[in-house]
Structure formats: C-alpha cells, structure tokens
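Take a look at the structure set out below.
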Amino acid sequence: MTASANPSSTSYDPWAPLVDAIVDGLVAAGTAEGLDLAKETVRAALNLDGGAEGDIAFPAHRAAQAAGRKPDDLATVLAAHFPASEGIASTAALGAYVNFRADSARLTESTLSLVLARGASYGEGPRTAASACVEHTSANPTGPFHIGRVRNAIIGDTLARALRASGVPVTTQYYIDDMGRQSAMITWIWSKPRAEWPEAIRQAVDGAETPGEKADRHRGRPYPAVSAYLKEHPEAREEVAELVQSLESGHPPERHRQLAEQILDGMLASLGRLGISFDELVWESDFVRNGSVDRVLERLGASPHAIREENGALAIDTSSYGLPKESTRVVVRRGNGTSLYVTRDIAYHLEKFSRFDRVTDVLGQDHQLHARTLDALLAEIGEARRPSFVIYQDITVPEGGRMSTRGGSAVWLDHLLEEAVARARTEVLARREDLNEAEVERIAEAVATGAVRYHIVRVAPEKPVVFRWEDALSFEGRSGPFVQYSYARASSMLRKGGFERPPYPFDAKLLAGTEEAALVRVLSRFPRAVAYAARTAHVHAIAGYAHDLADQFNRFYHAVPVLKSGTERESRVAIVAAARQTLGNALDLLGVARLETM
RNA sequence: GGGCGCGUAGCCUAGCCUGGAUAGGGCACCGGGUUCCUAACCCGGCGGUCGAGGGUUCAAAUCCCUCCGCGCCCGCCA
C-alpha cells in the first residue's frame with residue numbers, strides 16, 4: 001500500500017510533467033527523423049483534451065507542412081520514434097494525429113497525492129508578487145439591489161477569488177458614488193420631515209412599507225416617486241440641483257453620508273448572504289475633498305488637446321484616440337467649475353495605480369464608452385498604465401428590456417432569495433425528517449444562495465441573460481445545488497465510514513476501473529480550469545468545471561461501491577476524499593456554501 | 001447614422017482568445033433504475049452543422065469581409 005506521496009512545493013498541475021515529457025519526446029522523435037521541431041511550437045499545438053483516442057493529442061498537420069511531409073506519414077513516424085517515457089502508457093498514430101495515453105495508475109497516483117497533500121490549496125498556482133485590485137459592484141446607494149446589479153457583484157467576486165487562487169494578492173473595492181443627482185435625491189427627500197413630503201411621494205410610500213424593513217429598502221422607497229415628482233416640479237428640481245452643487249463642491253449636508261451608509265449597509269447585507277464582501281469601500285467624494293481631482297484637472301488643462309469653452313468649461317479633444325466620432329469632445333470640468341464623473345474616475349484610477357500592479361474594473365456594457373473614454377484621458381495626462389475591463393451584458397426581463405426600478409420590472413435580490421429559500425425549505429423538508437428547524441433553515445439558506453449565485457455565474461459575462469424565475473430557482477441539473485449535493489454525498493460517505501480525517505492511503509493499481517479513471521481525469525483538470533478563469537476573466541469556466549466534476553463523481557458513485565467494497569475499500573475512500581476536496585475547493589471559488597449534509 | 005457585444009437543437013448553454021479527428025452539457029419530452037454508501041441522483045432514447053452569404057486555409061462554430069436579427073451606448077448624467 002502506497003502512502004500518499006509528498007509532492008514538491010513547485011508541483012501544482014498533475015499534467016505538467018506529462019506535457020513536458022511529450023514535448024521533449026516529440027522533439028526527440030523529430031530529430032531522429034532529421035526534423036527540427038521547435039519546442040514551443042509543439043507545446044502550443046498539443047490538444048490537452050485529447051478526446052476518445054487519448055489524453056493528449058498532437059495534430060501533425062502544421063509540422064508536416066513546414067517539413068514538406070504528408071501529415072499522416074509524419075504522425076506515423078513521430079509515433080514510431082517516440083521514446084519510451086515515464087508516465088506515458090501508449091503512443092499511437094491515427095490519421096494525422098499522434099495520440100498519447102497517460103499511464104492511468106501513475107496519473108491516479110500523482111493526482112490523488114497532489115490533491116490530498118495540498119488540500120484546500122489544490123488548484124492554486126504559485127504565488128506572484130504582483131498585486132491586483134478588482135473593483136466591482138459599485139452600485140449607487142439609492143436602494144436595494146436588483147438581480148441585474150448583482151451580476152456585477154457575482155462576476156467580480158468570483159474573479160477576485162479566481163485571481164487569489166491563481167496566486168495573485170487581490171484587494172476588492174466598491175466605489176461608492178455619493179456625488180451625483182441620484183444620491184442627492186435620497187438626501188433631499190429624507191432631509192424633510194415626513195409631514196412636509198409632497199403628497200404624491202407620501203402616497204407612493206405609505207402602505208408600501210413593512211415594519212422593520214431593511215435600511216436599503218426603507219430609505220430607497222421614495223426614490224422612484226421622487227424621480228417622477230422631479231420631472232413635474234421645477235422648483236423641487238432646483239432644490240436638488242443646489243444639493244448636487246453642494247456635493248460637488250465638497251460640502252455635503254451632514255446627513256448625506258450617513259444616509260448613504262445606512263442604505264449601503266442594507267445592500268451589503270444582501271450581498272453578504274451570497275458570500276460577497278469587500279476589502280475596501282471607496283467614496284467618490286473623497287477624491288474631490290483631498291484635492292486629487294483638482295490635480296487631474298490641472299494636468300488635463302495642460303494638455304495640447306485641451307479646449308476651454310467660453311463659460312469656463314474644460315473639454316479634451318480625444319479624436320486621436322479612436323473613440324466613436326460623436327464622443328471626441330469630452331467635457332472634464334463644467335462651466336461652474338465642478339468636476340464630472342469621468343474626471344473623478346481618473347483620480348480614482350491614479351490612486352489605484354499607485355497601490356496595485358494590476359487594476360481591473362467590472363462594468364456593465366452601458367459603461368463601455370466610459371471605459372474607453374477613461375483610457376483615452378489617462379493617456380492624455382501621460383499615464384502609461386491602463387485598467388483592464390471586464391464587461392458583462394445586462395440581465396433583461398422576458399418582456400424585453402433591462403431591469404428597471406422605476407418601470408417596476410426589477411427583480412429584487414432579497415425577494416429572489418426569499419423565494420429561493422422557501423423553495424429550498426420545501427425540498428429539505430420533503431427528504432429529511434431528522435433535522436431540527438435550525439438545521440433545515442441553514443441548509444435551505446445555503447441551497448438558495450448557492451442556486452442563485454451559480455445561476456448567474458454559469459453564463460459567460462459577454463452573453464446577455466434573460467431572467468426567468470423557474471431557471472433561477474432550479475436545484476437540478478446544471479445548478480449550484482447539484483454541486484453541493486455531490487459534495488454532501490462525498491462528505492456523508494466519509495462520515496459513515498469513519499474517514500473524516502486524513503491520511504488517505506491508497507494503491508493506485510486498485511483504482512483501475514473506467515469510472516475511477518474518468519474521475520481522476522476530471523480531478524486533474526482543476527488547476528488548469530482555475531488558471532484559465534483567472535487569466536481570461538471567464539469565471540463561468542469554474543462553474544462549468546464544478547458541474548463536470550460533480551457529474552463524474554455521481555457516475556462513479558452509482559457504478560462503484562466504496563464502503564461496501566473489499567480490498568479496494570481504503571483506496572476508493574481516498575478517491576472520494578480527493579473528489580470531496582476538489583468539489584469543496586471549486587465551491588469555495590464560486591462562493592457557494594459547502595454542505596456536509598443536505 | 002456610428003461604436004461595442006451577442007446570435008449554437010423547442011428552451012438555456014460550453015467550445016471561439018491559441019483553426020484540427022463523430023460540436024460537449026443542462027431543461028423539457030419518452031423509456032428504465034431505490035431490500036444496497038443521500039434518487040436534489042443514475043442509465044438509455046429523442047433532437048443541432050453552429051443567424052445568412054462570401055473569403056482565407058490541407059482543415060472554419062472558431063480567423064477575415066458583407067448582410068440580417070437582438071441588446072447597450074453615443075449628456076457641461078452617473
């Protein structure tokens with residue numbers, strides 16, 4: 001019986017040695033044939049998801065063309081000359097491909113050893129010194145989150161987790177807009193005693209409120225009515241405009257930040273249920289108060305592309321930056337001397353650049369032009385660095401159009417979670433009679449939040465999403481609960497067998513079945529999946545991976561007895577432990593709660 | 001009008017960056033599976049040629065061009 005080997009600290013990916021061996025072997029086989037194959041070219045050509053014919057495939061077309069050979073012949077020759085390599089069980093040419101099959105026992109050995117030795121850090125890459133800042137969510141503190149806004153938070157939070165796992169020290173930031181008309185509207189209405197509220201606004205709020213409702217709901221209630229009221233009442237509009245002026249000049253009313261904080265607390269509490277929190281909250285107004293916006297304006301004013309308008313406004317001609325024709329004149333200071341959103345955003349980004357090596361902003365597609373403008377203006381003031389943007393598409397409603405608070409089409413996160421918890425509770429009660437009320441609630445909460453979070457993150461950010469209740473509340477198939485269930489199942493097996501703690505000794509030779517081999521292969525792919533998600537910001541790949549792993553684990557579960565098996569029992573327990581570990585790590589990356597039982 | 005994104009079976013979706021062997025899943029639907037480690041599960045079946053057309057290439061869902069459809073943006077708003 002082999003004890004779990006202790007892999008070197010530089011070992012992160014069970015496939016790395018095999019890929020190296022294949023590259024070296026192919027180059028050597030080429031040399032034997034008088035061909036000069038470049039290592040990196042060979043490496044780049046390798047198909048790591050080999051398919052039915054093998055684990056890794058080398059398509060020989062390109063190399064054949066360069067050498068003036070027929071692809072099929074080259075593949076045959078390369079396979080024939082391929083040197084015997086440790087870890088590679090077979091090398092065979094099929095058509096223009098050289099197919100490599102890993103030595104299953106060795107792959108099992110190295111994968112399980114790595115997973116079990118690294119535990120919670122399996123999947124992570126080597127630490128890097130370069131730091132990163134991920135700014136996401138940054139919704140105006142004017143009321144509760146609707147699910148459209150939450151897509152930003154889920155993508156951003158998952159990206160931050162993926163980057164951390166890939167070795168990058170990450171700081172997450174929520175940029176709070178406390179400067180604009182929107183936050184002014186909140187302060188405007190709440191600065192008046194209820195009795196002095198305009199009748200239309202009071203009516204809209206009265207009766208809608210529920211006792212003890214969260215601050216974001218409570219303080220945000222009048223917002224749609226205020227918005228409508230201002231359209232019809234110029235004198236009120238004037239009051240709000242004065243308020244905006246006081247905000248932008250850096251002298252907000254005392255209650256202003258307090259109100260924003262109250263609402264924000266409620267908003268952050270909702271995100272907290274999804275496992276989302278922030279390292280830093282950054283207030284937009286701080287950049288006005290600390291003078292950094294003024295310094296930005298000085299630098300912009302010194303630009304040869306600066307345009308001074310008659311009323312004192314300052315604009316920048318950005319026509320040389322490839323922006324759409326209509327947006328080549330960007331105003332950065334109003335006639336009244338105050339700054340604009342984009343100006344403050346420059347100051348904010350300069351501060352980020354001073355603290356972090358990499359700066360990433362998660363933005364809705366409606367901010368696409370703003371992102372490009374920001375890029376251009378950073379160049380304009382001689383800043384060499386740029387943020388990278390993760391742009392995601394909106395969540396729309398089936399009737400068409402984006403979610404709108406004012407149009408009444410918004411689906412509130414809190415409401416969605418409430419529904420999801422209710423449904424999850426029903427599911428738990430239907431299958432578990434042994435749990436007390438608190439346990440039922442805890443599981444229902446985890447299932448509900450897991451379902452919602454997974455449902456949003458599973459789709460590529462650039463794809464639009466149409467919100468449908470029945471999809472968001474699904475606990476089956478490609479869902480968060482499906483992954484949670486597999487994890488709980490694995491946990492339950494270890495618990496029942498008395499295998500809660502390592503070590504998990506195993507003999508790879510006893511794990512030679514089809515389902516074991518398939519499960520090992522999925523397990524071994526995890527580090528690559530994490531690295532891919534971090535590199536490309538395609539965080540949905542982690543959701544896809546988690547589903548694949550849960551799927552294969554369930555097949556294994558049905559096909560292979562573990563606790564009831566004989567000599568293989570201990571080894572099969574090890575593979576279950578490795579699957580549980582990797583499922584758990586994937587759930588952690590997704591911000592979906594692990595459940596030991598459900 | 002211009003810019004950006006999207007278009008894969010009845011519905012949802014992966015693959016597109018880095019072109020390569022019969023396009024991978026899920027839902028729905030049909031047929032099976034529980035004296036056995038959790039059936040939120042598993043097995044089998046049905047269904048797509050990847051919006052349309054053209055181009056590049058030995059090879060195109062993937063790269064390029066045109067067109068069509070959908071979404072978003074084009075404020076001294078944020």
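Order of the sequence lines fixes the chain letters, A, B, ..., with proteins taken first and strands second; residue numbering starts at 1 for each chain.
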Whole-Å gap separating P (B/U18) and CZ (A/Arg43): 18 Å

Closest to the A/Leu369 side chain, choosing from B/C74, B/C42, B/C37: B/C74

Closest approach of A/Leu264 to A/Pro141 (non-hydrogen atoms, all atoms of both residues): CD1-CB, 4.4 Å

Listing, residues 67-76 of chain A side-chain donor-acceptor contacts under 3.5 Å, not counting sequence neighbours, or none:
from, atom 1, to, atom 2, distance (Å)
A/Arg69, NH1, A/Glu33, OE1, 3.4
A/Arg69, NH2, A/Glu33, OE1, 2.9
A/Thr76, OG1, A/Asp72, O, 2.7

Whole-angstrom distance between B/C43 and B/U34, as gauged at atom P: 15 Å

A/Lys496 side chain, from C-beta outward: closest of B/G25, B/C37, B/G71: B/C37

Nucleotide B/G71, atom C1' - distance to CZ of A/Arg151 in whole Å: 12 Å

Note, A/Asp375 side chain near A/Pro387 side chain (heavy atom, < 4.5 Å): yes

Please set out all donor-acceptor pairs under 3.5 angstrom arising from side-chain atoms of residues 463-478 of chain A, sequence neighbours excluded.
from, atom 1, to, atom 2, distance (Å)
A/Ser474, OG, A/Glu476, N, 3.3
A/Ser474, OG, A/Glu476, O, 3.3

Check: residues 447-460 of chain A side-chain donor-acceptor pairs under 3.5 Å, at least two apart:
from, atom 1, to, atom 2, distance (Å)
A/Thr449, OG1, A/Glu445, O, 2.8
A/Thr449, OG1, A/Ala446, O, 3.3
A/Arg453, NE, A/Leu590, O, 2.6
A/Arg453, NH1, A/Asp157, OD2, 3.0
A/Arg453, NH1, A/Leu274, O, 2.7
A/Arg453, NH2, A/Asp157, OD2, 2.6
A/Arg453, NH2, A/Thr158, OG1, 3.2
A/Arg453, NH2, A/Leu590, O, 3.4
A/Tyr454, OH, A/Ala543, O, 2.6

Whole-Å gap separating P (B/G26) and NE2 (A/His547): 6 Å

Same-atom distance (C1') from B/A60 to B/G53, integer angstrom: 15 Å

Donor + acceptor pair across side chains of A/Gln393, A/Gln365 (<3.5 Å): yes

Between B/C11 and B/U56 - C1' atom distance, rounded Å: 35 Å

Integer-rounded Å distance: B/C27 C1' and A/Phe482 CZ: 13 Å

N or O in side chain of A/Arg489 less than 4.0 angstrom from B/A39 OP1/OP2: yes

Interatomic distance at P, B/A61 relative to B/C50, whole Å: 7 Å

Touch class at under 4.0 angstrom, heavy-atom based, for A/Glu470 against every strand present: nothing

Cation-pi check, A/Arg489 onto A/Tyr557 ring (under 6.0 Å, within 45° of axis): yes

Shortest non-hydrogen contact between A/Phe145 and A/Tyr174, atoms and distance: CZ-OH, 4.1 Å

Touch class at under 4.0 angstrom, heavy-atom based, for A/Tyr532 against every strand present: base

Touch class at under 4.0 angstrom, heavy-atom based, for A/Val560 against every strand present: base

Sugar-phosphate only, base, or nothing, as touched by A/Ser479 at under 4.0 Å among non-hydrogen atoms: nothing

Touch class at under 4.0 angstrom, heavy-atom based, for A/Val332 against every strand present: nothing

Sugar-phosphate only, base, or nothing, as touched by A/Ala96 at under 4.0 Å among non-hydrogen atoms: nothing

A/Asn554 and A/Ser486: CA distance, side-chain angles, deciding distance, side-chain hydrogen bond (donor to acceptor under 3.5 Å, both in side chains) verdict: CA-CA 7 Å; A/Asn554 284 328; A/Ser486 306; 3.2 Å; yes

Interatomic distance where CG belongs to A/Asp49 and C1' belongs to B/A23 [whole Å]: 14 Å

Any donor-acceptor N/O pair, A/Ser492 side chain to A/Ala488 backbone, under 3.5 Å: no

Output field: ring centroids A/His367/A/Phe389 closer than 6.0 Å: no

Sugar-phosphate only, base, or nothing, as touched by A/Asn99 at under 4.0 Å among non-hydrogen atoms: base

Pair of N/O donor and acceptor under 3.5 Å linking B/U18 base with A/Arg535 side chain: yes

Rounded interatomic separation in angstrom, taking NZ from A/Lys70 and P from B/A59: 16 Å

Minimum heavy-atom distance A/Ser565-A/Arg572, with the two atoms named: CB-NH1, 3.4 Å

A/Ser474 or A/Asn554, whichever maps to the more 5' nucleotide of RNA chain B: A/Ser474

Euclidean distance, atom OH of residue A/Tyr545 to atom C1' of B/G15 [Å, nearest integer]: 18 Å

Base-contact (B) and sugar-phosphate-only (S) positions in nucleotides 6-14 of chain B, heavy-atom cut-off under 4.0 Å, - elsewhere: SS----SSS

Interatomic distance where CD belongs to A/Glu500 and P belongs to B/C37 [whole Å]: 18 Å

Salt bridge (charged side-chain N to carboxylate O under 4.0 Å, His left out) partner of A/Glu596, chosen from A/Lys496, A/Arg580, A/Arg442: A/Arg580

Phosphate contact (B/G5 OP1 or OP2) by A/Arg372 side-chain N/O below 4.0 Å: no

Span that lies between the P atom of B/C6 and that of B/G44, in whole angstrom: 34 Å

Shortest side-chain distance from A/Tyr557, nucleotide among B/C58, B/A21, B/A39: B/A39

Check: A/Gln365 side chain, B/G71 base, donor-acceptor under 3.5 Å: yes

A/Leu94, nearest nucleotide to its side chain (from B/A21, B/C17, B/C43): B/A21

Atom of A/Val390, atom of A/Ala537 and distance for their closest heavy-atom approach: CG2-CB, 3.8 Å

Would you tabulate the pairs of protein nitrogen or oxygen atoms and nucleotide nitrogen or oxygen atoms of nucleotides 76-78 of chain B closer than 3.5 angstrom?
from, atom 1, to, atom 2, distance (Å)
B/C76, O2, A/Gly335, N, 2.8
B/C76, N3, A/Asn311, ND2, 2.8
B/C76, N4, A/Asn311, OD1, 3.1
B/C76, N4, A/Asn311, ND2, 3.0
B/C77, OP2, A/Arg334, NE, 2.5
B/C77, OP2, A/Arg334, NH2, 2.6
B/C77, O3', A/Arg334, NH2, 3.4
B/A78, OP1, A/Glu248, OE2, 3.2
B/A78, OP1, A/Arg334, NH2, 3.0
B/A78, OP1, A/Arg344, NH2, 3.3
B/A78, OP2, A/Tyr341, N, 3.2
B/A78, O3', A/Asp177, OD1, 2.9
B/A78, O3', A/Asp177, OD2, 2.2
B/A78, O2', A/Asp177, OD2, 3.0

Integer angstrom distance from the C1' of B/G10 to that of B/G47: 9 Å

Any N/O pairs under 3.5 Å between the protein and nucleotides 48-50 of chain B? List them or say none.
none

